[in-house]
Each structure stands twice: as C-alpha cells, then as structure tokens.
Colleague: 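Dropping a structure here in structure tokens format, bear with me for questions.
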Amino acid sequence: MIEIPAGRTDKWELRKSDGALTWNIKKGKPRVVKYIGYPGNYGMIPQTILPKELGGDDDPLDAIVLGPPIARGSVAQARLIGVLKLLDDGDQDDKLIAVNPNSTFFKVKSIKELDDNFPGITEILEIWFTNYKGSGEMQSKGFAEIEEAKSILQKASNYFSKHNE
C-alpha cells in the first residue's frame, strides 16, 4: 500500500486505529520531510506486524518500491529483492526493498543485481534513510539479500495472522 509516492515530501501514513490514510501530524502541523523527496514509493505491507521481540517496531512492515511514482493509496504489485537494516532511535526499523513490474528495475532479483545493474541506487537509499530525519536519528546496519527479506516478511505475516484471527 503506497503511502508516499516517489519524489514527494509530504508524510502520509495508514492510521492504525481505523486504517484511514492520513497526513501525519507532528506538533500540530502536517508533517513534511525537510530533505529531498522519497527516493522510491514508500508504504506498508498490509496484514503484517513485526513486534519488538521479533526484531520489529510493532508496526506493519515498511517497504520502498523502486520505479516511477505510484498514486498514494494504491496497492502496488512488487517483487521483493532485499532489505535495508535500520535503527530508528535505537529501535529496529527495517525497510523492505521491492521493484515495480512497470519499471526498468523489474529485471533485478537481488540487492547484488541492483548494485551490478544500477550502481549507486543502494547508496542513495542508505544515504536518504540515514539523513532524512536529521543527523544521528537513523543508523544503517547495511543491506541484506532476498532470503532475509523473505524471512522478515514471513515472521510479520505469521504474527499478524496469529494475532488477528
């Protein structure tokens, strides 16, 4: 589910209480990222929750879908290729990396292939996510390949299913 189309700076998110897509409010004002726009389509994976005890942040999994902008609120088709391992103020806050079928990235099947075929993209993602909140807020633990990304997705999906029957 796309919350923020590629290139945008307005921070929208799915509200947990009722599932509505709303502009995130911080200190009484609509939140706008004070950095360049998102380097891909940003959103969440429905029917996933990863609790802290399983390495998450008690939220649905975050995903960045590489490719042209996708409309906010769209449920996008994408293929998982890896994960950017991040800490947000000390808490695990991984970003699954996926590719859109309607993009030049769709032939890519792994982080290694992304690096080989599109040099600089992983560096852009890592730089963006470790700086968009300000210096020192986010820390990178690097990228992991598809196997780890699938494991994270499976854990979060299983947890959601078990706790939402």
Colleague: Less than 4.5 Å apart, side chain to side chain, heavy atoms only: is that true for Leu114 and Leu66?
Modeller: yes
Colleague: Kindly say whether Lys52 contributes a backbone atom to a donor-acceptor pair with the side chain of Asp58 at under 3.5 angstrom?
Modeller: yes
Colleague: Take a 6.0 Å sphere around NZ of Lys150 and say whether it holds more than 12 heavy atoms from other residues, nucleotides or ligands.
Modeller: no
Colleague: Between Val32 and Trp23, is the side-chain contact (heavy atoms from CB on, under 4.5 Å) condition met? List the steps.
Modeller: CA-CA 9 Å; Val32 175; Trp23 201 333; 3.9 Å; yes
Colleague: Say whether Ile36 and Ile64 are linked into one hydrophobic cluster, either directly or through other cluster members, by side-chain heavy-atom distances under 4.5 angstrom.
Modeller: yes
Colleague: Around atom CG of Asn164, are there more than 12 heavy atoms of other residues, nucleotides or ligands at under 6.0 Å?
Modeller: yes
Colleague: Using side-chain heavy atoms (C-beta onward) and a distance below 4.5 Å, is Lys133 in contact with Asp88?
Modeller: yes
Colleague: Running the 4.5 Å side-chain criterion over Ile, Leu, Val, Met, Phe, Trp and Tyr, what cluster does Phe160 land in, apart from itself?
Modeller: Ile45, Ile49, Leu50, Leu54, Leu61, Leu80, Val83, Leu96, Ile146, Ile152, Leu153, Tyr159
Colleague: Lys95 versus Tyr42: any side-chain heavy-atom pair under 4.5 Å?
Modeller: yes
Colleague: Kindly indicate whether the side chain of Phe129, heavy atoms from C-beta on, has any atom under 4.5 Å from the side chain of Asp93.
Modeller: no
Colleague: Are any non-hydrogen side-chain atoms of Asn24 and Pro30 less than 4.5 angstrom apart?
Modeller: no
Colleague: Is it the case that more than 12 heavy atoms not belonging to Lys155 sit under 6.0 Å from its NZ atom?
Modeller: yes
Colleague: In sequence, state the C-alpha distance, the side-chain angles, and the governing distance for Glu148 and Phe143, and then conclude on side-chain contact (heavy atoms from CB on, under 4.5 Å).
Modeller: CA-CA 10 Å; Glu148 187 164 345; Phe143 288 87; over 6 Å; no
Colleague: Would the number of heavy atoms belonging to other residues, nucleotides or ligands and lying under 6.0 Å from CD of Glu137 be above 12?
Modeller: yes
Colleague: Quick check against the 3.5 Å criterion: does Glu145 have a side-chain atom that pairs as donor or acceptor with the backbone of Ser110?
Modeller: no
Colleague: Do Lys11 and Lys26 make a side-chain contact, defined as non-hydrogen atoms from C-beta onward lying under 4.5 Å apart?
Modeller: no
Colleague: Please determine whether residues Leu86 and Tyr132 belong to a single hydrophobic cluster, defined as Ile, Leu, Val, Met, Phe, Trp and Tyr linked transitively by side-chain heavy-atom distances below 4.5 Å.
Modeller: yes
Colleague: What residues form a side chain to side chain contact (heavy atoms under 4.5 Å, CB included) with Met44, not counting sequence neighbours?
Modeller: Met1, Glu3, Leu14, Pro46, Pro60
